[in-house]
Trainee: 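Take a look at this one; I'll ask things after.
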Amino acid sequence: MGMTMSQKILAHHANLESVRAGQLIMADLDMVLGNDITAPVAINEFGKFGKETVFDKDKVALVPDHFSPNKDIKAAEQCKAVRCFANDHDITNYFDVGQMGIEHALLPEKGLVGAGDLVIGADSHTCTYGALGAFSTGVGSTDMACGMATGQAWFKVPSAIKFNLTGSFSKHVSGKDLILHIIGMIGVDGALYQSMEFVGPGVKNLTIDDRFTIANMAIEAGAKNGIFPVDEVALEYMKEHYKKEPRIYEADSDAVYDRVIDIDLSKVKSTISFPHLPSNTRTIDEIGEGEVKIDQVVIGSCTNGHISDLRQAAAILKGKKIAKHVRALIFPATQEIWKQAMHEGLFDIFVDSGCAVSTPTCGPCLGGHMGILAEGERAVSTTNRNFVGRMGHVKSEVYLASPAVAAASAVAGYIADPAKVMEG
Amino acid sequence: MQAKGTVFRYGDNVDTDVIIPARYLNTSNHKELASHCMEDIDQNFIKQVKEGDIMVADKNFGCGSSREHAPIAIKESGISCVIARTFARIFYRNSINIGLPILECPEACDGIKAGDVVSVDFTTGKITNETTGAVYQSEPFPEFMQNLIEAGGLAGYIAKGGK
Ligand code: SF4
């Protein structure tokens, strides 16, 4: 029986000829990731193993991005614990404030993850690197500790859903709309324990940033990982960034999938997730003009803090002012992206329109710090979760959207169609 | 290995943000985490929960982030076992790794209400609703998982030489 792309990567790392769905395997890891929330717990566990040092100091990445720059004393202590551990173990890939970016944008940019790699991270959006053809998945802190100590992790081999993409996006539609559309269709547990494998002639029309966004939110459908084939677009990105040689795996022609879903990209519309689940989607034409009045707009995060996301937002905000009652916060995902956006003049556009530009941090995405919502407030956000209380008060609301919709909504003061804002 | 206690009953898609809101994740102190467990959907939980009590929920329990703080908060609150129709993948893995027993059993979820007294035998996978007398069968834990749970999680298990 043929293997899926994900299964092939797992088999290779477990030194097995082949694997099948449901099989439990022990596999070698190429990278183990943690942040300032999950790493302190892992460091504590690591201490219990009685290991002198990590399995490979080049294959651990520590990124304090969630509550940093330190939001309060407790957060400062957490970051300090990570910093001390990184120093003690001479961890090569430790990124403190100043080099820090949001982990899932930073690792690909620094060339630490790429095609054919097997990566675990103590952060659920570790699935992002599937955009480059890696098998990457989120785990907890104990798994991270075990990974740091042994260089291995256990996996249950997943089955897969195949998404066969055709066509290309229409104007103002991007990867975020596609993944929200998919989650709306299959539900927040629609791909539970499964891989989401994206294939088909439409893939070549997706930018690398689209793919990062899509793979990033595979977890929001309950998936173990999301993965794309390694094509010209991916190779181009890795040529510039990736430190190793890409290892290209393709699904067997007789690979078995639990389900095949065909999607014509040209039919995907701007899609918004209403509170309080990412699957609670509506397309822009199903939302009345002025129906959902907003207080805040957040553009950034590991999902949509890439340069093309910022460009899309800037294209809409250029020469316009955001609505008077709206606060708009822009969070480039990494220092590199921040610099690039600055050089391209995007910051002028943002600031002139009334937005505030921040240093990279997860802050607002998880209601950690910076941009917390008060009772009854509503935000349109390019982040990935809109659970109860995710961005602040339990009675606040988060609407997930693309950078284009978020920017358009900032101008209108309510959830708005980018096309209309551009015309108007 | 057994558990017995009063049931706290929840619905579908209980996510890690309501199990332990991110605003409290600036600490990894177990007691402090537990003191905020479930507060965004059930303010009474932490006031009422007693050592040994059981949590029962519907589909996709523990969806969302990979924070191990979520099963840690539940375990530290005194909950002895979580029964759900299905669990989100990372939550499942984390629970096992920290030694919180969790069981998937849709039939039990159909028949168990808040306040029922339920007992669970981990060796046989038998779940008994002591209030109604109904008995449900879930997949028993393999031996290594029972050992792992008894060792208080993966770290303790490995330290004891388990493989
Ligand atoms: S930006 Fe949000 S989703 Fe992404 S890693 Fe940070 S907290 Fe998690």
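Atom set for the values below is all heavy atoms of this structure, side chains included, hydrogens, waters and symmetry mates excluded. Letters A, B, ... are given to chains in the order of the sequence lines, protein chains preceding strands, and every chain is numbered from 1.
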Trainee: Test of understanding: with ring pair (Phe, Tyr, Trp, His ring centres under 6.0 Å), list the residues that count as partners of B:Y136, not counting sequence neighbours.
Mentor: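 For B:Y136, no residue satisfies ring pair (Phe, Tyr, Trp, His ring centres under 6.0 Å) once neighbours in sequence are set aside.
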Trainee: As an exercise: rank A:I73, A:I37, A:V388 by heavy-atom pairs under 4.5 Å with chain B and give me the winner.
Mentor: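 Heavy-atom pairs under 4.5 Å are most numerous for A:I37.
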Trainee: Once you leave out hydrogens and angles, what donor-acceptor pairs under 3.5 Å do chain B and chain A share?
Mentor:
unit_1: B:D17; atom_1: OD2; unit_2: A:R390; atom_2: NH1; d: 3.1
unit_1: B:L25; atom_1: O; unit_2: A:Q78; atom_2: NE2; d: 3.3
unit_1: B:N26; atom_1: ND2; unit_2: A:D72; atom_2: OD2; d: 2.8
unit_1: B:E32; atom_1: OE2; unit_2: A:K74; atom_2: NZ; d: 2.6
unit_1: B:G64; atom_1: O; unit_2: A:R385; atom_2: NH2; d: 3.0
unit_1: B:S66; atom_1: OG; unit_2: A:D123; atom_2: N; d: 3.2
unit_1: B:S66; atom_1: OG; unit_2: A:S124; atom_2: N; d: 3.3
unit_1: B:S66; atom_1: OG; unit_2: A:V139; atom_2: O; d: 3.4
unit_1: B:E68; atom_1: OE1; unit_2: A:S141; atom_2: N; d: 2.5
unit_1: B:E68; atom_1: OE1; unit_2: A:T142; atom_2: N; d: 2.7
unit_1: B:E68; atom_1: OE2; unit_2: A:T142; atom_2: N; d: 3.1
unit_1: B:E68; atom_1: OE2; unit_2: A:T142; atom_2: OG1; d: 2.4
unit_1: B:H69; atom_1: NE2; unit_2: A:I37; atom_2: O; d: 3.4
unit_1: B:F87; atom_1: O; unit_2: A:Y193; atom_2: OH; d: 3.1
unit_1: B:R89; atom_1: NH2; unit_2: A:T137; atom_2: OG1; d: 2.7
unit_1: B:R89; atom_1: NH2; unit_2: A:G138; atom_2: O; d: 2.8
unit_1: B:R93; atom_1: NE; unit_2: A:D143; atom_2: OD2; d: 2.5
unit_1: B:R93; atom_1: NH1; unit_2: A:W154; atom_2: O; d: 3.0
unit_1: B:R93; atom_1: NH2; unit_2: A:D143; atom_2: OD1; d: 3.4
unit_1: B:R93; atom_1: NH2; unit_2: A:W154; atom_2: O; d: 2.5
unit_1: B:N94; atom_1: OD1; unit_2: A:G140; atom_2: N; d: 3.1
unit_1: B:N97; atom_1: ND2; unit_2: A:D143; atom_2: OD1; d: 2.9
unit_1: B:N97; atom_1: ND2; unit_2: A:D143; atom_2: OD2; d: 3.0
unit_1: B:E104; atom_1: OE2; unit_2: A:Y193; atom_2: OH; d: 3.2

Trainee: Could I get the full list of side-chain contact (heavy atoms from CB on, under 4.5 Å) partners for B:T128, not counting sequence neighbours?
Mentor: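 By the side-chain contact (heavy atoms from CB on, under 4.5 Å) rule, B:T128 matches B:S119, B:K126, B:E130, B:V135.
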Trainee: More than 12 non-hydrogen atoms from neighbouring residues, nucleotides or ligands closer than 6.0 Å to CG on A:L24, yes or no?
Mentor: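 More than 12 within 6.0 Å, yes.
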Trainee: Counting only non-hydrogen atoms closer than 4.5 Å, does A:V394 touch chain B with its backbone (N, CA, C, O), its side chain (CB onward), both, or neither?
Mentor: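 For A:V394, side-chain heavy atoms alone lie under 4.5 Å from chain B.
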Trainee: Considering only heavy atoms, which portion of A:A223 lies under 4.5 Å from any heavy atom of chain B: side chain, backbone, both, or neither?
Mentor: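 Backbone only.
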Trainee: Which bit of B:I41 comes within less than 4.5 Å of chain A, counting heavy atoms only: side chain, backbone, both or neither?
Mentor: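 For B:I41, neither part sits under 4.5 Å from chain A.
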Trainee: Where on B:L25 is there a heavy atom nearer than 4.5 Å to chain A: the side chain, the backbone, both, or neither?
Mentor: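 Both backbone and side chain of B:L25 come within 4.5 Å of chain A.
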Trainee: Name the region of A:C146, side chain, backbone, both or neither, that has any atom closer than 4.5 Å to a heavy atom of chain B.
Mentor: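 Side chain only.
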Trainee: Quick check: closest heavy atoms across B:G64 and A:I219, and the distance to 0.1 Å?
Mentor: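 Looks like O-CG1, 4.1 Å.
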Trainee: Looking at residues at least two apart in the chain, or sitting in another chain, which of them share a ring pair (Phe, Tyr, Trp, His ring centres under 6.0 Å) with A:F85?
Mentor: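 Testing A:F85 for ring pair (Phe, Tyr, Trp, His ring centres under 6.0 Å), a comparison that skips the adjacent residues, returns A:F46, A:H89.
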